[in-house]
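So the structure is just underneath, and the comments pick up after that.
We name chains A, B, ... by the order of the sequence lines, and we start the count at 1 in each one. All values derive from a computational prediction rather than experimental measurement.
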Amino acid sequence: MTIRLYNTLTRKKEAIKPFLDDSVSMYVCGPTVYGHPHIGNARAAIVPDILYRLLMAKHDSVKYIRNITDVDDKIIDAAKKEGLSIDKITSKYTKIYRDNMDRLSNLRPTHEPKVTDTISKIISSIEKIIKNGNAYVKDSHVLFDTDSFKGYGELSGKKLEEMLDGVRIDNASYKKSFKDFILWKPSEDDTPGWESPWGKGRPGWHIECTSMIKDILGDDTTLDIHGGGNDLIFPHHENEIAQGSCISKEKYCNHWFHNGIVLVNKKKMSKSLGNVILLDDLFKDNSTSVIRLALLSAHYRQPLNWSDQTIIYARNLYKKLLSVISMVDAKARPLDDADSHTKEIQDILSDDLNTPEAINYLSRLSKTARNDFEARVKLIHSMKFIGLSPINEKTVKIFSDTEEIEQIEALVKKRNEYRIKKDFKNADVVRDKLLSMGIELEDSDGDTTWNYLQD
RNA sequence: GGCUAAGUGGCAGAGUGGUAAUGCAGCGGCCUGCAAAGCCGUCAACGCCGGUUCGAUUCCGACCUUAGCCUCCA
């Protein structure tokens, strides 16, 4: 089944048709590294990660680019606040970001460019735009001349002149039109800057993404897929199309996809509302598969309303999935023929990344899997396909600790001895003791199984 | 104010011109020393108003509501 994905540009689901024969390129707007990642950042990484896994299953070669923005005014502020140099701040939070994304089972992108490594390409891109007559220099700033680009507003559907009323816009003196945006701006001595034809300065927001794409793919290539949070549609992606189209003979990008934002109490997370949920905090109480499952529970284009329920549902569901997979199953089966076992889930996901339906599928599969080894193998591979661990993380961690296992099994045995003697009081004491050790028991068919408590 | 998206049972979400999948939760039962799990069964929904139609949740129009964007944002 071919992958069909909603295209923001055409407002339709469309098949992905790569510009090059069987090599697909995807660019996703990555983080600005100045603070701890929150669940919104996680969603913005997990959604393209699912797409990346699907693309890899269907195409010989996939270029997956996700940038690291390490030049930005917010970083400068954070550096001041934390009393660290800008380098320290960006390397610290880059590391944390990568670590957090790894923990959530996101595959690493094939390319992870930094803005600071792309400055010369940014400068040459800007020069090209100026040369083509689509940008102008004023007071040490370089500005994109939006009136010179006829397609402006196509992605977001905005006609800027018509939405002026009710909005106050400070038209900076160096702008010809309020719509124009900055490609390059001057830097003071104490802010990061690079020498350029327009003096010491740094790139404006927007140009870095375009430059990194062109740097990796080449100027006259069309990017196949570009993604990001839907709060980036305007102005960021709109501006990227404008400037990118002025650099190249080819269309800038064919397929745009945008994930919905995460809401907390039906409101967008924001520092001012104090409702930002950091991954670091979630990691304390939840396994990473549970967090991932929670973030995949709503369709990617819908807003995801985060509540206590969200994580509780995910936890219950994950527990149920794990309960039908024995450790032996999970360890025994190699991933060799994973593809044949994941056809169903791939087909489900191929329809615009329908992760809720994929999760339903796992849930249905777990029913038959209980008494069906093949279904269990399918379940394991399907879970792995969307990045869920088929083994309880704690179990994996302690699996090699035979001493602890012997101790647990001795207690289980002891409890069953009490049970045979109908001494349920003492049996319950032992069960409580195991519970306090984080062990959960289940009696079924005369057999007692134990498991580490999830989370 | 403008733009975009969306409104289906408690939640997540399919779907169709002839009254609506599935999963989770709930409820009832079986099982069980208890608990848990499992199994069986079950309740419950198409924002509002018009129009087209034999008939609309599905098509058209108005309205209402929600969220996002228009300022940094994933």
(message) Ring-plane angle category for A:His381 and A:His341, please: parallel below 30°, perpendicular beyond 60°, tilted otherwise.
(response) parallel
(message) If you take any heavy atom closer than 4.0 Å to RNA chain B, which residues from residues 34-56 of chain A end up in contact?
(response) A:His38, A:Gly40, A:Asn41, A:Ala44
(message) Salt bridge check, A:Arg415 against A:Asp443: does any charged N sit closer than 4.0 Å to a carboxylate O?
(response) yes
(request) Can you tell me the distance, in whole Å, between the CG atom of A:Leu304 and the P atom of B:A12? (result) 9 Å
(request) Measure from CG on A:Asp352 to P on B:G15 and round the result to the nearest Å. (result) 11 Å
(message) Whole angstroms only, please: what is the CD1-P distance between A:Ile182 and B:U71?
(response) 13 Å
(message) Go nucleotide by nucleotide along RNA chain B from the 5' end; which of A:Gly260 and A:Pro235 gets its closest nucleotide reached first?
(response) A:Pro235
(request) Measure the distance from NE2 on A:His237 to P on B:A74 and round it to the nearest whole Å. (result) 11 Å
(message) Within 45 degrees of the ring normal and closer than 6.0 Å to the centroid, is that where the cationic atom of A:Arg103 sits relative to A:Phe283?
(response) yes
(request) Have a look at A:Pro356 and say if it touches a base, only the backbone sugar-phosphate, or nothing, with a 4.0 Å heavy-atom cut-off. (result) sugar-phosphate
Which donor-acceptor pairs under 3.5 Å do side chains of residues 359-367 of chain A form with protein atoms, sequence neighbours excluded?
{"from": "A:Ser363", "atom 1": "OG", "to": "A:Lys320", "atom 2": "NZ", "distance (Å)": "3.0"}
{"from": "A:Arg364", "atom 1": "NH2", "to": "A:Glu357", "atom 2": "OE2", "distance (Å)": "2.9"}
{"from": "A:Ser366", "atom 1": "OG", "to": "A:Ser363", "atom 2": "O", "distance (Å)": "2.7"}

(message) Just the rounded figure in Å: distance from P of B:A21 to CD1 of A:Ile359.
(response) 22 Å
(message) Could you tell me how far B:G38 sits from B:C48 if I compare only their C1' atoms? Round to whole Å.
(response) 45 Å
(request) Name all residues meeting the ring pair (Phe, Tyr, Trp, His ring centres under 6.0 Å) criterion together with A:His237; count only those two or more places apart in sequence or in a different chain, and write none if there are none. (result) A:His226, A:Trp256, A:His258
(request) Provide the distance between the two P atoms, one in B:A56 and one in B:U66, to the nearest whole Å. (result) 29 Å
(request) Considering only atom P, compute the distance from B:C43 to B:A20 and round it to an integer number of Å. (result) 12 Å
(message) I'd like the C1' distance from B:C24 over to B:C72, given in whole Å.
(response) 37 Å
(request) Among the candidates B:C69, B:C72, B:A74, find the nucleotide nearest to the side-chain atoms of A:Lys74. (result) B:C72
(message) Just N and O in the side chain of A:Ser363: are any of them under 4.0 Å from OP1 or OP2 of B:C24?
(response) yes
(message) If we count only N and O atoms by modelled type, under 3.5 Å, do the side chains of A:Glu442 and A:Thr449 hold a donor and an acceptor together?
(response) no
(request) Mind calculating the distance between CH2 (A:Trp306) and C1' (B:A12) to the nearest angstrom? (result) 14 Å
(request) Taking only the side-chain heavy atoms of A:Tyr313 (C-beta and beyond), determine which of B:A21, B:C70, B:C24 contains the nearest atom. (result) B:C24
(request) For RNA chain B, produce a single dot-bracket line, 5' to 3'. Pairs: Watson-Crick or G-U wobble, both distances under 3.5 Å. Symbols: ( ) within strand, [ ] crossing, | other strand, . unpaired. (result) (((((((..(((.........))).(((((.......)))))....(.(((.......))).))))))))....
(request) Please name all residues satisfying salt bridge (Lys or Arg N to Asp or Glu O under 4.0 Å) with A:Asp145, sequence neighbours left out, ordered by chain then number. (result) A:Lys176
(message) Against A:Tyr300, only a single residue in A:Thr355, A:Asn354, A:Asp352 fulfils side chain to side chain donor-acceptor pair (under 3.5 Å); can you say which?
(response) A:Asp352
(message) Between A:Gly228 and A:Leu263, which residue's closest nucleotide on RNA chain B lies nearer the 5′ terminus?
(response) A:Leu263
(message) Base, sugar-phosphate or nothing for A:Glu357? Non-hydrogen atoms, less than 4.0 Å.
(response) base
(request) Using the P atoms only, state how far B:C11 lies from B:G47, rounded to an integer number of Å. (result) 13 Å
(message) Whole angstroms only, please: what is the NZ-P distance between A:Lys268 and B:C72?
(response) 12 Å
(request) Establish, yes or no, whether the cationic atom of A:Arg66 lies under 6.0 Å from the six-membered ring centre of A:Tyr27 and within 45° of the ring axis. (result) no
(message) Rounded to whole Å, please give me the gap between CG in A:Leu9 and P in B:A5.
(response) 13 Å
(message) Restricting to non-hydrogen atoms, name the atom on A:Tyr252 and the atom on A:Gly244 that form the minimum distance, rounded to 0.1 Å.
(response) CD1-CA, 3.6 Å
(message) For nucleotides 27-39 of chain B, give me one character per nucleotide, 5' to 3': B if any protein heavy atom sits under 4.0 Å from the base, S if the only such contacts are to the sugar-phosphate, - if neither.
(response) ------BBBBSSS
(request) With P as the reference atom in both, quote the distance from B:U58 to B:U16 in angstrom, rounded to an integer. (result) 13 Å
(message) Measuring only the P atom in each nucleotide, how far is B:A62 from B:G23? A whole number of Å is fine.
(response) 39 Å
(request) Would you check if the distance from the ring center of A:His111 to the ring center of A:Tyr64 is below 6.0 Å? (result) no
(request) For A:Asp308, look at atom CG and say whether over 12 heavy atoms of other residues, nucleotides or ligands are found less than 6.0 Å away. (result) no
(request) Using the C1' atoms only, state how far B:A21 lies from B:U57, rounded to an integer number of Å. (result) 14 Å
(message) OP1 or OP2 of B:U4 versus the side-chain N and O atoms of A:Lys158: is any pair under 4.0 Å?
(response) no
(request) Would you classify A:Ile261 as touching base, sugar-phosphate or nothing, given that sugar-phosphate means primed atoms plus P, OP1 and OP2, and contacts are heavy atoms under 4.0 Å? (result) base
(request) Would you check if there is a donor-acceptor pair between the side chains of A:Asn67 and A:Thr69 at a distance under 3.5 Å? (result) yes
(request) State which of B:G13, B:C69, B:U22 makes the closest approach to the side chain of A:Asp231. (result) B:C69
(message) Between A:Asp215 and A:Thr118, is there a side-chain donor-acceptor contact under 3.5 Å, judged purely by atom types and distance?
(response) no
